[in-house]
Amino acid sequence: MPLTTTDLESKLWGAADILRGQIDSSDYKNFIFSVLFLKRLSDRFAEEVDSAVRVGLDREVAESDHDEHEFFVPHEARWSEIVRHSMNLGEVLNRAGAEIEEANAPRLDGVLRNTNWNDESKLGGPASRDRIIGSLLRHFDTLDLSDANLTSEGEQGAVNVLGDAYEYLIRQFADDAGKKGGEFYTPRSVVRLIVELLEPAEGMRICDPTAGSAGMLIYTAQYVAEQGGDPRNLVLHGQERNLGTLAIGKLNLLLHGLRSARYEAGDVISDPQLCDERGRLLAYDRVIANPPFSLKAWGRDFAPGDPHHRFDRYGAIPPKTKGDLAFVQHMLAVTNPGGMVGVVMPHGILFRGGAEGTIRKGMLEADLFEAVIGLAPNLFYGASIPVAVCILNKAKPAERRGKVLFVDAAQPDYFRSGKAQNFLDPEHVAAIVGAFRSYEEVERFAHVADLDEIAANDHNLNISRYVDTTEPVEVPSVEEALAQLRKAERRRDEAAARMDEQLAGLGYAQDR
């Protein structure tokens, strides 16, 4: 029977058990993901060789001709050669990763070499490294990750099995890593919410400038496929400054079959990489992101001389110790005139004054805000604070111009409470998306404010100013209040009489 997603998930979590107690949980992912990808590349390479031989190609040619393979695996980097070694395994895997990247440059740049199998700070000395790596190799040696064994539905089925299992492991690692998990993983329910609000379609150009493990780009492609579009006709671009996370994101895209996606390394504020041949920022139809919250060292000193003029369009540069709106300014700068932005932000950007207040006013006067949606606290790993999803639109429909929709989805009806974390379930996502699409008043949930109302509030976008979530208190009439008072007085007098009787029975007479 083919290997199912559940089987593979169990096997991958078993690999984490091998490392548990040996190294820090936040470091599991790079080692497990690297060895998984090595095994997948080698098994698929062997499958392609056998397929070529079956149609008449000489085996030696099939094993050496790069054109016969999607990804070429040099002889010494093949799994059968790797597992022959029992010593210096860190060097064996480092060399295999380097050879595979060189043979498949630039598509696999940074995917495998980012993992250092000789890292003494994580894996210990030579004996410890050989023991840990040897256990991982034996664990994965029993897996057949060829297309034929992953599914009976061909390559796309194999992509689904591998991609789903990989996503499972990323999610588990984020949970296991606690606060550090938020650096590379956005809960899929939040990703789904933003993607459904943006409604990407076939033929669009999509960008995530702080892409993490690439989940937003991947779900965008899945959403387009669910709507009947062809995700191969999407342009998917991302950038990520953490090289370890970058490797995870590249692997995630590859294992989901999104091989044409462009995913660059670097700080998007100080060193934006998604540019054309003349060095100009590329433009996109949809820009989606979950940037780091209130980043202190975001690059304020670089902003005044920005050659792309991203930070001088809305009246001010964000403060030195809070980079939230710097990311929003970048996102707007790379959004084409008919495009939309969907971004997760801390609530502070909705009401803080100073430079942020000036920027917010500038964006409102440019009529960019289409919706501000408050979510429940504790949805994100490492961030217990409530967050807001901001939808900005450079081409708002005529009936929405001069207006902003406010949605308060932080109420108990719009999330599921958990012990350590809260959750958005499909029905919660559907309710929020439904409110955005209808763009109408919903008592204690949604309010459509015009820009004059917002200006009267000094351009403050705090959701509680616009959505009143208090339950109405029924005020009785004077006659009803008097009747209740008389009834309470009768109950008081009856209770006093009973007490007097009981005291009298005990010999305590009451003087009136």
Side-chain angles (χ1 to χ4, degrees), residues 2-44 73 77-86 89-94 96-97 100 111-124 127-146 149-151 158-178 180-181 184-185 213-215 244-245 247-252 254-256 381:
L3 191 66
T4 66
T5 299
T6 303
D7 295 334
L8 189 51
E9 287 175 357
S10 177
K11 195 71 175 178
L12 292 176
W13 196 241
D17 287 336
I18 292 172
L19 297 179
R20 192 166 287 112
Q22 310 271 358
I23 64 174
D24 188 89
S25 61
S26 63
D27 294 321
Y28 292 175
K29 55 187 183 300
N30 285 5
F31 295 110
I32 293 178
F33 292 158
S34 290
V35 74
L36 167 69
F37 195 54
L38 278 172
K39 187 68 165 71
R40 164 62 176 171
L41 286 177
S42 194
D43 288 353
R44 181 66 185 126
V73 182
R78 295 170 194 168
W79 189 264
S80 59
E81 294 301 311
I82 291 173
V83 296
R84 290 177 54 209
H85 297 272
S86 59
L89 293 178
E91 182 59 34
V92 170
L93 291 185
N94 280 349
I100 288 173
V111 171
L112 293 168
R113 274 188 282 202
N114 184 67
T115 302
N116 181 8
W117 292 94
N118 274 334
D119 190 338
E120 290 192 14
S121 68
K122 293 182 173 64
L123 297 174
S128 173
R129 291 200 298 274
D130 285 343
R131 176 174 52 79
I132 295 171
I133 297 171
S135 295
L136 278 178
L137 293 177
R138 288 189 293 274
H139 183 76
F140 278 93
D141 194 42
T142 60
L143 277 179
D144 177 0
L145 297 180
S146 64
N149 194 55
L150 286 170
T151 177
V159 164
N160 292 339
V161 173
L162 275 170
D164 290 349
Y166 191 79
E167 282 285 304
Y168 158 83
L169 205 53
I170 291 176
R171 184 172 66 250
Q172 294 297 326
F173 282 141
D175 190 19
D176 213 33
K180 291 183 179 180
F184 61 90
Y185 182 78
S213 55
T245 303
I248 292 171
K250 282 192 171 184
L251 279 175
N252 205 6
L254 289 169
L255 292 174
H256 278 88
Y381 294 101

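Everything numeric here is computed off the predicted structure, so don't read it as measured data.
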Test side chain to side chain contact (heavy atoms under 4.5 Å, CB included) on Phe33 and Asn252; report intermediate values, then the result.
CA-CA 9 Å; Phe33 292 158; Asn252 205 6; over 6 Å; no

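- Ion pairing of Asp141 with Arg138 is absent here, as no side-chain N (NZ or NE/NH1/NH2) approaches a carboxylate O to less than 4.0 Å.
- In this structure, the side chains of Asp164 and Leu8 stay at 4.5 Å or more apart for every pair of heavy atoms.
- Two residues are said to be in side-chain contact when any heavy atoms from C-beta on lie closer than 4.5 Å; Phe31 and Ile18 fail this criterion.
- Because its NZ or CZ atom is not both nearer than 6.0 Å to the ring centre of Trp79 and within 45° of the ring axis, Arg44 does not count as a cation-pi partner of that residue.
- Minimum interatomic distance between Ala214 and Gly249 (heavy atoms only, all atoms of both residues): CB-O, 3.8 Å.
- In this structure, the separation between NZ on Lys39 and CD1 on Ile82 is 10.0 Å, given to the nearest 0.5 Å.
- In this structure, Leu12 and Phe140 have side chains that are in contact, with non-hydrogen atoms separated by less than 4.5 Å.
- Going from atom CG of Leu150 over to atom OG1 of Thr4 covers 10.0 Å, rounded to the nearest 0.5 Å.
- Leu38 has its side chain within reach of Ile100: a pair of non-hydrogen atoms, C-beta onward, lies under 4.5 Å apart.
- Contact check for Leu3 versus Leu143: side-chain heavy atoms found under the 4.5 Å cut-off.
- Leu89 places none of its side-chain heavy atoms less than 4.5 Å from the side chain of Arg129.
- Summarising the geometry, atom CD1 belonging to Ile133 is positioned 9.0 Å from atom OG belonging to Ser128; distances are rounded to the nearest 0.5 Å.
- How far CG of Leu251 is from CD1 of Ile248: 8.0 Å, rounded to the nearest 0.5 Å.
- Taking each heavy atom of Arg40 and Leu162 in turn, the nearest pair found is NE-CD1, 3.2 Å.
- Residues Thr142 and Lys11 form a side-chain contact, since some pair of their non-hydrogen atoms from C-beta on lies under 4.5 Å apart.
- Within the model, atoms CG of Asn114 and OG of Ser34 stand 7.5 Å from one another, a figure rounded to the nearest 0.5 Å.
- Smallest separation of non-hydrogen atoms from Val73 and Arg78: O-NE, 2.8 Å.
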Candidate pair Ser146 and Asn149, rule side-chain hydrogen bond (donor to acceptor under 3.5 Å, both in side chains), full reasoning:
CA-CA 5 Å; Ser146 64; Asn149 194 55; 5.6 Å; no

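- With rounding to the nearest 0.5 Å, the separation of CH2 in Trp13 from CZ in Arg20 is 4.5 Å.
- Leu136 places a side-chain heavy atom less than 4.5 Å from the side chain of Leu19.
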